[in-house]
Amino acid sequence: MDGREGSAGQPGPAERSHRSSVSSVGARAADVLVYLADDTVVPLAMENLPSLSAHELHRAVREVLQLPDVAVEAFALWLVSPLLEVQLKPKHQPYKLGRQWPELLLRFTDAPDDDVAMDEPSLQFRRNVFFPKRRELQIQDEEVLRLLYEEAKGNVLTVRYPCDPEDCEALGALVCRVQLGPYQPGQPAACTLREKLDSFLPAHLCKRGHGLFAALRGRGAKAGPGEQGLLHAYRQVKEAGGSEHEAALSTHYRAYLLRCHELPFYGCAFFHGEIDKPAQGFLHRSGRKAVTVAINLEGVHVIDHREKHVLLGLRFQELSWDHTSPEEEEPVLWLEFDGDSEGTPVNKLLRIYSKQAELMSSLIEYCIELSQVAEPIAPQDSATGPRSAPGSLPPPSQRPKLRRQSSVVCSRIQHLSTIDYVEDGQGIKRVKPKRSTSFFSRQLSMGQGSYTVVQPADSGEQESG
């Protein structure tokens, strides 16, 4: 499938268990199960399933849920398993793609053959990677907002969206408000929170003291730091004007999404990869670190898979990129950005080892094309900063340098092993390692190419990543 309609990536650590979306298959009809973000199921009895398009299934889901027209663009159908995620293009046929699933796994994952043989995708109705955040602000329909909220909440709780503790507490407080109603000291509904704290906070913040609701009841027992912050944030949630329940819920769904919009990786497609660790110790031992690469319409983020914080965040204005797939070596996605080495301005190259490198490169390219269409190129003499319209890329010497901060969403350049180069007159000279690749011409200013990646062996259609 081409990237104008699709995206592929690696599921998060808490993805749903193995399941199938087709409960029976016949020559004429089949029962199709489409999963929503809150893990509920939309059952569909469909005729001629093998030839049915994603567009037709998408329409059937919208009709069952009675969603407005904005849902056509806001959501997409995805095939998802513990090993791979694929956003479908409207013309694609989910049943046929499901039959081709082992081929996609062999090409785009390192899964063992036994896991490939057992893996089976489910059909999910999820946010479209190419739906701009600014369009979400215009949505009024409560059910559309709820579905977006449920998906964002799941990504926060599973730390697919890494958040600072204060953000987790503020978001968790909105979940408390949605599920428990307005805060009232000593309210009976609050007694359920102690047992369900992981419904409001990521697991690493759920370490308790003597329990949150000992504090809610005014007792002397001390709650854990995450619980205390959640309780305080819950008390601070503002109520919407008016008394209508539906209006209040829509307000809190929107407030949750707006808070998530501040996360630079909101709405991303996720991919699996590895990067080199910096050499450590007397013997300069190194190795590799598992990372998640998150790509959306705004940029690229490399997230430490274990520590759950950002290692590198780049807006498209800040990077050049390419991918290589040598026959005898691993595929690599290369990211080039500006930084410094002991005070000397340098160009830094980060290599990400991944069988999904081609998918990531193509998605970056198409996201840039979309941004150029949405935001025309700024005049050359306009005085814009790093967040100027993404139609033109400053020369390397003028690209903004990355800042290192304590927040989990900010870059940690010191944790990266990069290849550094410096300009010397007309030439490019290495700072430390031997140069292993040329500087890339693929930058934000380019607007060519198509996001066409996967070609299943038994179909003339193109499949996505």
Side-chain angles (χ1 to χ4, degrees), residues 1-21 33-39 54 57-58 74-90 92-111 115-116 118-131 147-148 150-152 154-155 157-161 265-273 290-297 300-301 303 305 333 352 354-364 366-367 451 453-454 456 462-465:
M1 59 198 79
D2 70 41
R4 290 172 170 75
E5 309 290 351
S7 167
Q10 190 79 6
E15 275 296 345
R16 303 177 182 88
S17 59
H18 188 118
R19 62 195 179 186
S20 173
S21 281
L33 305 179
V34 180
Y35 294 82
L36 304 181
D38 60 359
D39 220 18
L57 280 173
H58 195 284
F75 299 101
L77 286 177
W78 292 68
L79 283 176
V80 176
S81 82
L83 299 179
L84 184 67
E85 300 181 351
V86 179
Q87 180 176 310
L88 303 185
K89 183 178 181 180
H92 287 130
Q93 297 169 322
Y95 176 78
K96 291 183 178 180
L97 285 181
R99 297 292 296 271
Q100 297 164 4
W101 197 247
E103 300 171 37
L104 299 180
L105 296 181
L106 290 172
R107 181 172 179 184
F108 294 115
T109 76
D110 293 310
D115 291 347
V116 169
M118 295 296 295
D119 195 59
E120 188 173 0
S122 63
L123 197 58
Q124 298 186 16
F125 190 76
R126 291 173 26 177
R127 190 186 189 278
N128 183 353
V129 170
F130 305 116
F131 189 65
L147 291 172
L148 293 170
E150 291 286 355
E151 184 171 342
N155 286 331
L157 293 177
T158 59
V159 202
R160 215 175 195 197
Y161 291 167
F265 32 73
Y266 176 76
C268 278
F270 295 89
F271 303 82
H272 175 73
V291 296
T292 300
V293 183
I295 302 173
N296 63 9
L297 291 172
V300 181
H301 283 76
I303 300 170
H305 186 74
L333 176 73
I352 302 171
S354 176
K355 292 188 74 172
Q356 299 174 350
E358 185 179 1
L359 301 177
M360 291 187 276
S361 177
S362 298
L363 180 55
I364 290 171
Y366 186 63
C367 285
Y451 180 42
V453 188
V454 184
Q462 290 181 335
E463 306 307 332
S464 147

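Note that the coordinates shown come from a computational prediction; the quantities given were computed from them, not determined experimentally. What you see below is based on every heavy atom in this structure, not just the backbone, and it leaves out hydrogens, waters and symmetry mates.
- One distance of note links CZ of Arg99 with CD of Gln93; it measures 12.5 Å at 0.5 Å rounding.
- With a 4.5 Å cut-off on side-chain heavy atoms, Cys367 and Phe130 count as touching.
- The backbone N or O of Tyr266 lies less than 3.5 Å from a partner atom in the side chain of Asn296, making a donor-acceptor pair.
- Ser354 is listed as a side-chain neighbour of Met360, based on a closest heavy-atom distance under 4.5 Å.
- The minimum heavy-atom distance linking Gly98 with Pro102 is given by the pair O-CD, 4.3 Å.
- In this structure, Gln87 contributes its side chain and Val129 its backbone to a donor-acceptor pair below 3.5 Å.
- Remark: Tyr161 OH to Glu151 CD distance equals 6.5 Å, nearest 0.5 Å.
- Leu148 is listed as a side-chain neighbour of Phe75, based on a closest heavy-atom distance under 4.5 Å.
- Not less than 6.0 angstrom separates the ring centroid of Phe265 from the ring centroid of Phe270.
- Inter-residue side-chain proximity for Val293 and His301 is flagged as unmet; no heavy-atom pair is nearer than 4.5 Å.
- Residue Ala294 comes nearest to Ile303 through the heavy atom pair CB-CD1, 4.3 Å, listed as atom of the first residue, atom of the second, then distance.
- Lys89 and Ala54 get closest at one heavy-atom pair: O-CB, 3.5 Å.
- Note that the CG atom of Leu104 and the CG atom of Leu359 stand 9.5 Å from one another [nearest 0.5 Å].
- Considering only heavy atoms from C-beta on, Leu36 stays 4.5 Å or farther from Gln124 through its side chain.
- Rounding to the nearest 0.5 Å places OG of Ser122 at 9.5 Å from CG of Leu33.
- Nearest heavy-atom pair, Ser81 versus Pro121, reported as atom, atom and distance to 0.1 Å: CB-CA, 3.9 Å.
- Note that the CD atom of Glu120 and the CG atom of Leu79 stand 10.5 Å from one another [nearest 0.5 Å].
- Shown are Val34, Asn128, Val86; of these, the side chain to side chain contact (heavy atoms under 4.5 Å, CB included) with Leu77 is made only by Val34.
- Looking at Asp119 and Pro82, their side chains come closer than 4.5 Å, going by heavy atoms from C-beta outward.
- Between Cys268 atom SG and Arg127 atom CZ the span is 9.5 Å, to the nearest 0.5 Å.
- A donor-acceptor pair under 3.5 Å is absent between the side-chain atoms of Ser361 and the main chain of Ala357, judged by distance alone.
- Put simply, the side chain of Leu88 reaches to within 4.5 Å of the side chain of Leu123, judged on heavy atoms.
- Phe271 is listed as a side-chain neighbour of Leu363, based on a closest heavy-atom distance under 4.5 Å.
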Exercise for the section: Quick one: do Glu358 and Arg107 satisfy salt bridge (Lys or Arg N to Asp or Glu O under 4.0 Å)? Show the steps, please. Expected result: CA-CA 11 Å; Glu358 185 179 1; Arg107 181 172 179 184; 3.4 Å; yes

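- By the 30° and 60° cut-offs, the orientation of the rings of His272 relative to His305 is perpendicular.
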Practice task
Let me see the working for Arg126 and Tyr35 under side-chain contact (heavy atoms from CB on, under 4.5 Å), right down to the final yes or no.
Solution key: CA-CA 9 Å; Arg126 291 173 26 177; Tyr35 294 82; over 6 Å; no

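- We find that Arg160 and Glu85 are joined by a salt bridge, their nearest charged nitrogen and carboxylate oxygen being less than 4.0 Å apart.
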